[in-house]
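My questions will all concern the structure given below.
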Amino acid sequence: MQKQEKTVALIGVPLEEGSGRGGCAMGPAAYRIAGIASALGELGYAVEDRGDLRPQPAADLAPMDRAKHLPVVGAFTRAIEAETYAAATSGAVPILLGGDHSLSMGSVSGMARYAATLDRPLYVLWLDAHSDFNAPETSPSGNIHGMPVAFFCGKAEFAPILPSDRPLVDPRRVYQVGIRSVDEEERRLIRENAVNVFDMRAIDEEGMGSILKRILADVRDAGGLLHVSLDVDFLDPDVAPGVGTTVPGGATFREAHLIMELLHDSGLVSSLDLVELNPFLDDRGRSARIMVELAASLFGKRILDRPTRGG
Ligand SMILES: [Mn+2]
């Protein structure tokens with residue numbers, strides 16, 4: 001399919017209850033103000049903005065101390081799963097405008113359901129300072145934004161949020177890049193479940209380009225779909241300060257753009273989360289603009305226009 005015919009579907013997720021602090025609910029508005037729709041439109045995509053999801057808290061999900069705001073996060077998860085699946089089924093590339101990282105419980109589960117209808121495996125590229133592989137029993141904070149990976153892999157079934165027989169993601173098809181803060185129990189779970197982790201040391205030693213090319217080769221060889229989940233804290237705090245969970249030593253502006261360009265070149269990306277932007281903590285919209293630039297890069301924008309084959 002020609003790029004010009006492709007549709008991207010923007011799905012706003014004003015969810016902050018998974019993060020333990022206020023601010024992420026303003027994320028979708030910040031992305032729109034930073035011009036995400038026009039940035040993608042200028043690249044030749046049809047942009048369909050599906051607005052913001054606003055579900056009522058789920059009455060059937062009892063509150064849990066170790067999974068804070070479960071009725072709210074659970075309701076969002078169901079709505080996000082359905083909307084992501086519907087957008088993908090319509091032929092669009094869903095882009096989730098978060099919202100804290102608990103939204104990926106829904107987006108990745110929706111894409112897993114979509115991939116299952118195609119009989120293709122779903123791979124996940126998790127660009128984050130954290131592994132987000134906690135469960136209520138292991139989480140030091142009880143904030144659900146630290147649990148989405150365990151959830152969509154079926155390793156954190158702490159509440160009947162989605163059907164237990166839903167398509168799951170094989171943790172061996174999860175690739176985490178940029179990791180530099182993992183809780184003790186979480187470290188054990190990641191190893192046990194054989195999640196692929198490329199921490200900042202691996203990036204320093206091996207280089208971002210080489211790591212990405214290996215990951216993309218795995219996805220291509222398996223005929224997989226690739227969901228990309230980009231947490232603002234993947235980036236160094238000097239690059240993007242607008243996030244509540246900054247960890248020093250993150251990816252540089254250039255490393256992040258290289259990833260996005262390689263992802264675009266691969267043609268494998270089926271869906272994207274932009275998460276954890278907290279406009280309340282941002283420096284005059286800087287982080288929102290950088291996230292929009294990275295999304296544009298992933299969808300084909302070049303910082304330097306190289307001559308392209310047949311271009
Ligand atoms: Mn995260």
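Predicted, not measured: the structure shown is a model, and the values here were computed from it. The analysis underlying the following values was restricted to heavy atoms, covering all of them including side chains, and did not include hydrogens, waters or symmetry mates. Numbering of ligands and ligand atoms starts at 1, following listing order.
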Just checking, is any N or O donor in the side chain of D233 or H130 under 3.5 Å from an acceptor N or O on the other one?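 There is such a pair (donor and acceptor under 3.5 Å, judged by atom type) between the side chains of D233 and H130.
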
Check whether the side chains of E81 and S109 place a donor and an acceptor atom closer than 3.5 Å, and report yes or no.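 Checked: E81/S109 side chains show no N/O donor-acceptor pair below 3.5 Å.
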
For Q176 and S131: C-alpha separation, side-chain torsions, deciding distance, then whether side chain to side chain donor-acceptor pair (under 3.5 Å) applies. CA-CA 7 Å; Q176 302 197 319; S131 275; 2.7 Å; yes

Contacts of F253 meeting ring-ring contact (aromatic ring centres under 6.0 Å, His included) (sequence neighbours excluded), chain-then-number -> H257

Taking 2.8 Å as the upper limit, name the protein N, O or S atoms near the Mn ion (ligand 1).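 Near the Mn ion (ligand 1), below 2.8 Å, one finds H101 ND1, D128 OD2, D132 OD2, D231 OD2.
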
What pairs meet the side-chain hydrogen bond (donor to acceptor under 3.5 Å, both in side chains) rule with one or both residues in residues 8-27, with sequence neighbours excluded?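 Qualifying pairs: none.
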
Taking only residues at least two apart or on different chains, which pairs with a member in residues 220-229 satisfy side-chain hydrogen bond (donor to acceptor under 3.5 Å, both in side chains)?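 Only H101-S229, S104-S229, H227-S271, H227-D273, S229-D273 qualify under side-chain hydrogen bond (donor to acceptor under 3.5 Å, both in side chains).
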
